[in-house]
Amino acid sequence: MITAKEAKELYDQSGAEVEQFLKNEVEKRITDAAKGGKHSVFVDLGYVKQFQYLHHTITPLQQAAADKLKELGYRVVIKLDGESYVPRGLADDDGNGPKIQNYGIQISW
């Protein structure tokens, strides 16, 4: 029986999850943007809470996808997007509440 460490190494080497993410979430957006005459595309990855560091939020899958895109020749930056805001469901009557900010991968070619 292989150990959990060996299984993780095999998983990491396969890159299957990264390839699936790129195929399902990124490839069509890049193709559509390029056909539309654009030189970049932004892929939304979620949000961070106010005062939370972005690098603590990025998952290993997201980082591996960014690294793979760089290997393929793209310029890639994982960055915050837009202004912070209070989600509707969490806002009080005055619009106050916990703030969040979206982030994603900016891909350029």
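Residue indices begin at 1 and follow the sequence shown. Values in this document were obtained by computation on a predicted structure and should not be read as measured data. As a basis for the values below, the full set of heavy atoms in this structure was taken, side chains included, without hydrogen atoms, waters or symmetry mates.
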Hey, can you pull the donor-acceptor pairs under 3.5 Å for the side chains in residues 35-49, sequence neighbours left out?
{"residue": "Ser40", "atom": "OG", "partner": "Gln106", "partner atom": "NE2", "Å": "3.3"}

Check: Asp94 side chain, Asn96 main-chain N or O, donor-acceptor pair, under 3.5 Å: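 A pair under 3.5 Å: no.
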
Exercise answer: donor-acceptor pairs, residues 65-88 side-chain atoms, under 3.5 Å, sequence neighbours excluded:
{"residue": "Asp67", "atom": "OD1", "partner": "Gln63", "partner atom": "NE2", "Å": "3.0"}
{"residue": "Tyr85", "atom": "OH", "partner": "Asn102", "partner atom": "OD1", "Å": "3.2"}

In one Ile/Leu/Val/Met/Phe/Trp/Tyr side-chain cluster, 4.5 Å: Tyr103, Ile100: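 Different clusters: Tyr103 never reaches Ile100 through Ile, Leu, Val, Met, Phe, Trp or Tyr contacts under 4.5 Å.
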
Straight-line distance of Lys23 NZ to Gln20 CD, nearest 0.5 Å: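 Result: 10.0 Å between the selected atoms.
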
CG-NZ distance between Leu22 and Lys28, expressed to the nearest 0.5 angstrom: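 So the gap between those two atoms works out to 16.0 Å.
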
Considering all heavy atoms, the nearest Trp109-Ala34 contact: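 Nearest pair, atom of Trp109 first, then Ala34: CZ2-N, 3.8 Å.
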
